[in-house]
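Working notes, structure below.
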Amino acid sequence: GNGNRTAVLNIVMQLRKCAGHPYLFPGIEDRTLDPLGEHLVENCGKMVLLDKLLLRLKERGHRVLLFTQMTRILDILEDYMHMRGFQYCRIDGNTTYEDREERIDSYNKPDSEKFLFLLSTRAGGLGINL
């Protein structure tokens, strides 16, 4: 019945969180550590790989669009952007139309210092030209 479907959907969401970052689970992040410390990268294999990739891309003068379905992953990635000193823009489903336009223009302007654009897939499908 409906109870089984809900249970399966909950399990799927938990598995998606496992594949995203361990800090998506309550109580996992050690709050005694610097919130922008290396543990943010070191505790997640996906972040270790992303860190290596982004550092190399930045070094070579590339710019990056990074999409995710979970806005909580965007929150973690924002901490990472601050940790590495990367300039970035973010839009998600809660971003107002005016803020969206301003951030897109900021990223697209000639000689923009913005290295990375963080987008939720929900916000990304709404006629963005990057």
Side-chain angles (χ1 to χ4, degrees):
N2 245 359
N4 284 343
R5 186 179 186 318
T6 302
V8 169
L9 289 176
N10 188 40
I11 290 168
V12 169
M13 179 51 74
Q14 298 307 310
L15 290 171
R16 287 182 60 214
K17 285 164 51 177
C18 287
H21 196 290
Y23 292 177
L24 294 173
F25 293 96
I28 297 298
E29 184 175 2
D30 183 346
R31 296 293 182 176
T32 65
L33 299 174
D34 175 1
L36 303 181
E38 288 296 321
H39 63 92
L40 190 66
V41 172
E42 293 167 352
N43 288 331
C44 178
K46 190 181 281 187
M47 286 293 293
V48 169
L49 181 62
L50 185 66
D51 185 45
K52 289 177 183 175
L53 184 62
L54 290 178
L55 290 169
R56 192 162 295 142
L57 288 169
K58 180 146 181 51
E59 182 182 287
R60 295 179 181 176
H62 294 279
R63 296 172 75 217
V64 176
L65 303 178
L66 204 156
F67 290 85
T68 183
Q69 288 185 312
M70 286 190 209
T71 54
R72 288 182 57 215
I73 295 267
L74 290 178
D75 298 340
I76 291 170
L77 289 169
E78 273 197 290
D79 287 348
Y80 169 78
M81 295 297 126
H82 290 288
M83 182 183 116
R84 288 288 181 250
F86 293 156
Q87 290 195 40
Y88 70 96
C89 297
R90 171 184 172 159
I91 60 174
D92 59 40
N94 296 320
T95 307
T96 65
Y97 179 79
E98 293 77 20
D99 287 343
R100 275 172 57 94
E101 293 301 305
E102 182 261 316
R103 291 169 192 172
I104 291 168
D105 290 345
S106 173
Y107 186 83
N108 281 337
K109 77 178 183 193
D111 300 320
S112 172
E113 292 292 314
K114 305 293 185 189
F115 165 59
L116 200 137
F117 207 122
L118 295 170
L119 304 114
S120 72
T121 49
R122 178 166 293 177
L126 302 173
I128 294 176
N129 187 8
L130 294 168

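Position 1 is the first residue of the sequence; numbering continues from there.
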Quick one: does [X]'s side chain get under 4.5 Å of [Y]'s, heavy atoms only?
| X | Y | answer |
| --- | --- | --- |
| Asp30 | Leu33 | yes |
| Arg84 | Lys58 | no |
| Glu29 | Asn43 | no |
| Arg63 | Leu116 | no |
| Leu119 | Leu65 | yes |
| Leu118 | Phe67 | no |
| Met83 | Asp34 | no |
| Tyr88 | Val64 | no |

Considering all heavy atoms, the nearest Arg72-Leu24 contact
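Result for this residue pair: NH2-O, 2.6 Å.
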For Ser120 versus Gly93, what's the shortest heavy-atom pair and its separation?
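The pair with the smallest heavy-atom distance is OG-N, 3.5 Å.
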Could you measure the distance from the [atom1] atom of [X] to the [atom2] atom of [Y]? Nearest 0.5 Å is fine.
| X | Y | atom1 | atom2 | answer |
| --- | --- | --- | --- | --- |
| Cys44 | Ile76 | SG | CD1 | 7.5 Å |
| Thr6 | Ile11 | OG1 | CD1 | 11.0 Å |
| Phe86 | Leu77 | CZ | CG | 11.5 Å |
| Cys89 | Phe117 | SG | CZ | 5.0 Å |

Answer yes if the ring centres of His39 and Tyr23 are under 6.0 angstrom apart, and no otherwise.
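Centroid distance His39-Tyr23: below 6.0 Å, so yes.
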Quick one: which of Leu50, Asp51, Leu49 gives a side-chain contact (heavy atoms from CB on, under 4.5 Å) with Val41?
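Filter result, single survivor: Asp51.
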Salt-bridge present (Asp92, Arg90; N to O < 4.0 Å):
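A salt bridge is present here (some side-chain N lies under 4.0 Å from a carboxylate O).
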Basic-acidic side-chain contact under 4.0 Å: Glu101, Arg103
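No.
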Backbone N/O of [Y] and side chain of [X]: donor-acceptor pair under 3.5 Å:
| X | Y | value |
| --- | --- | --- |
| Thr71 | Leu74 | no |
| Lys17 | Phe25 | no |
| Ser112 | Ser106 | yes |

Taking it one step at a time, do Leu40 and His82 satisfy side-chain contact (heavy atoms from CB on, under 4.5 Å)?
CA-CA 11 Å; Leu40 190 66; His82 290 288; over 6 Å; no
Going through the distances and angles, do His21 and Tyr80 end up as a side chain to side chain donor-acceptor pair (under 3.5 Å)?
CA-CA 12 Å; His21 196 290; Tyr80 169 78; over 6 Å; no
What residues, two or more places apart in sequence or in another chain, satisfy side chain to side chain contact (heavy atoms under 4.5 Å, CB included) together with His62?
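Per chain and number, His62 pairs via side chain to side chain contact (heavy atoms under 4.5 Å, CB included) with Leu57, Arg60.
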